[in-house]
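In this text, all values refer to a predicted model and were calculated from it rather than measured experimentally.
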Amino acid sequence: MSPAKKKNNKRKIILQLHKILGLATGIVLFIVSITGCLWVFKDEIESFYDDYKYVHPEKQDLITSSTVKNIAERIIPGRTIHGVIYGKPNEAIEVVFYEAEPEVFYQSVFLNPYSGDFIKRIDNDSGFFGFILKGHLRLWLPDAIGSRVVSYSILLFLIIMVSGLFLWWPRNTKNWRQRLKFDWNSATRWKRKNFDLHTVTGFYISSFGIILAFTGCVMAFNWFYFIAYKATGGDKAPQFIIPESTSTYVSQSDDRPMYDQLIPMLYKEYENAKSFELHYPENDSTSVLVEVSNSKGLYYNMDYLFFDQHTLEEIETTSIYGKYKDAKFADKVIRMNYDIHIGAIGGIVGKIIAFLVSLICASLPVSGVLLWYGRTYKKPRKVKLNYAN
């Protein structure tokens, strides 16, 4: 067999693989892409109607973390508090309740940070963006089914994008110009336009699409996450680890928990911080976790601080989730994953790019199906017969 024929057979196999995987995952990729581009600007859209998150700042101490806990548990009894978020002096305290089983319970309670007065209760799992997130993560199906379908479809999308690049690559230099631009005129048929929409736009967003799919796989698969971290030279524990307190419980005269002192202390130490999220210790031996947000809308450069719940002595962690200044290159890359996935790493420009790439990714299954249908179910050509007189 000649080299040219071997190359042609290889191209046919890759084309067949590209079509099969595209048809098999098309509807999933369409939903995930559309919901993804809608999710990108969640914070910006919600900022138009989030007045309940703000209060009039007062020149007095904030209510203590234990007081916040008592007030919130009276508002939503019998549920687990995930964390308490303290923001700027003009921002309300947000108490986040979260339980994954037996069904997801994800709600927030907003309190006045000076008086403890109840402001509002929000169900984070409902509403427009709750609906969008369910579609993006699990296609509105039960989590055990939907999340797996989405995860493996995104993994296959990586193969689809790489195979698509191979198929796009022109066989000779004469076709380069045609593959890089829309060369349409009034005589261009819709099939040609659809082919160009699929191939030309697919090429231009391919690198970004691969990044979105790759970062999605990092979040979807523990093994993918581990390989990605180790491949970049990571040598720490890539999982989130909350260390144990190093001391034993010592009774106090007023019996107030020591973590009540943490937030006022951290406000002085981290003057430029955007917010602090305190996580109550799960039992008498675990440490207290405080997540310090250093940039609004970003997660990768947060500082994760752990304190002995009895002495407030700071405890070091062996995990990648510690102080950002101690993070190595591989730690930073893996911590940036979510911010890269939604484009936040590039600010508003990055979000616009992520929005457009997701939108175009949603169009690829549509143009791909039309391309397949047009080639598979061709209309027979009408033959004109000339009748001699």
Side-chain angles (χ1 to χ4, degrees), residues 14-42 100 103-104 125-168 194-195 197-199 201-225 227-228 337-338 340-343 351 353-377:
I14 293 176
L15 176 60
Q16 195 67 17
L17 176 68
H18 186 80
K19 286 195 296 184
I20 292 172
L21 295 182
L23 291 170
T25 62
I27 186 64
V28 177
L29 296 176
F30 176 80
I31 293 173
V32 171
S33 298
I34 285 293
T35 53
C37 72
L38 293 173
W39 180 264
V40 166
F41 292 109
K42 172 182 179 290
E103 292 182 354
V104 173
D125 202 41
S126 65
F128 176 74
F129 284 108
F131 176 79
I132 291 299
L133 186 60
K134 290 174 187 175
H136 189 71
L137 297 179
R138 53 184 173 89
L139 308 174
W140 304 288
L141 298 172
D143 186 63
I145 300 171
S147 61
R148 283 182 175 272
V149 173
V150 169
S151 298
Y152 285 103
S153 294
I154 298 304
L155 185 61
L156 293 175
F157 183 57
L158 279 174
I159 301 174
I160 293 171
M161 292 300 289
V162 173
S163 61
L165 274 174
F166 177 86
L167 295 170
W168 172 90
N194 183 66
F195 176 80
L197 284 172
H198 190 76
T199 56
T201 58
F203 167 72
Y204 282 114
I205 63 96
S206 58
S207 57
F208 295 105
I210 289 172
I211 290 172
L212 289 182
F214 186 90
T215 52
C217 287
V218 169
M219 290 184 281
F221 300 103
N222 288 331
W223 59 268
F224 201 103
Y225 174 94
I227 292 173
N337 190 76
Y338 177 74
I340 293 173
H341 189 69
I342 65 169
K351 287 194 170 188
I353 291 173
F355 172 84
L356 293 175
V357 170
S358 294
L359 192 61
I360 294 172
C361 282
S363 75
L364 294 179
V366 177
S367 57
V369 168
L370 291 175
L371 196 61
W372 165 80
Y373 184 85
R375 289 180 174 178
T376 306
Y377 300 96

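Rounding to the nearest 0.5 Å gives a distance of 11.5 Å between CD1 of I353 and OG of S358. A distance of 6.0 Å separates OG1 of T201 from CD1 of I360, quoted to the nearest 0.5 Å. To the nearest 0.5 Å, atom CD1 of residue I210 and atom SG of residue C217 are 11.5 Å apart. Taking CG from L165 and OG1 from T199, the interatomic distance works out to 11.5 Å, rounded to the nearest 0.5 Å. The CG atom of L356 sits 14.0 Å away from atom NZ of K351, with the distance rounded to the nearest 0.5 Å. The line from CD1 of I160 to OG of S206 is 13.5 Å long, rounded to the nearest 0.5 Å.
Every residue meeting the side chain to side chain donor-acceptor pair (under 3.5 Å) condition with T215, not counting sequence neighbours, appears here in chain and number order: H341. Scored by the side chain to side chain donor-acceptor pair (under 3.5 Å) test, W168 finds no partners at all (sequence neighbours excluded). F224 pairs by the ring-ring contact (aromatic ring centres under 6.0 Å, His included) definition with F214, not counting sequence neighbours. Listed by chain and number, the residues in a side chain to side chain donor-acceptor pair (under 3.5 Å) with S363 amount to none (sequence neighbours excluded). Remark: F30 engages no residue in a ring-ring contact (aromatic ring centres under 6.0 Å, His included) (not counting sequence neighbours). In this structure, the side-chain contact (heavy atoms from CB on, under 4.5 Å) partners of I342, at least two apart in sequence or on a different chain, are W39, Y338, A344. With sequence neighbours left out, the side-chain contact (heavy atoms from CB on, under 4.5 Å) criterion links A213 to I154, F157, L158. Legend: residues meeting side chain to side chain donor-acceptor pair (under 3.5 Å) with Y204, ordered by chain and number and at least two apart, are absent. Under the rule for a side-chain contact (heavy atoms from CB on, under 4.5 Å), the partners of A220 that lie at least two apart in sequence or sit in another chain are S151.
Note on residues 125-143: pairs passing salt bridge (charged side-chain N to carboxylate O under 4.0 Å, His left out), not counting sequence neighbours, are D125-K134. Residue pairs meeting the salt bridge (charged side-chain N to carboxylate O under 4.0 Å, His left out) criterion with at least one member in residues 25-38, sequence neighbours excluded, do not occur. Applying the ring-ring contact (aromatic ring centres under 6.0 Å, His included) test to pairs two or more places apart or on separate chains, those with a residue in residues 129-154 are F131-W140, Y152-F221.
Taking all atoms of both residues into account, the shortest heavy-atom contact from N194 to S367 is ND2-O, 3.0 Å. Across every non-hydrogen atom of G209 and V357, the tightest pair is N-CG1, 3.9 Å. Listed here is the closest heavy atom pair of C361 and P365: O-CD, 2.9 Å. Between S153 and L29 the shortest heavy-atom distance is O-CD2, 3.8 Å. Between L364 and L197 the shortest heavy-atom distance is CD2-O, 4.4 Å.
Taking the side chain as every heavy atom from C-beta outward, M161 and I211 never approach each other to under 4.5 Å. Taking the side chain as every heavy atom from C-beta outward, L137 and V150 never approach each other to under 4.5 Å. Residues I340 and L212 are not in side-chain contact: their nearest non-hydrogen atoms beyond the backbone lie 4.5 Å or more apart. Side-chain contact check for F128 versus I132: some heavy-atom pair is nearer than 4.5 Å.
Around atom CZ of F195, more than 12 heavy atoms belonging to other residues, nucleotides or ligands sit under 6.0 Å away.
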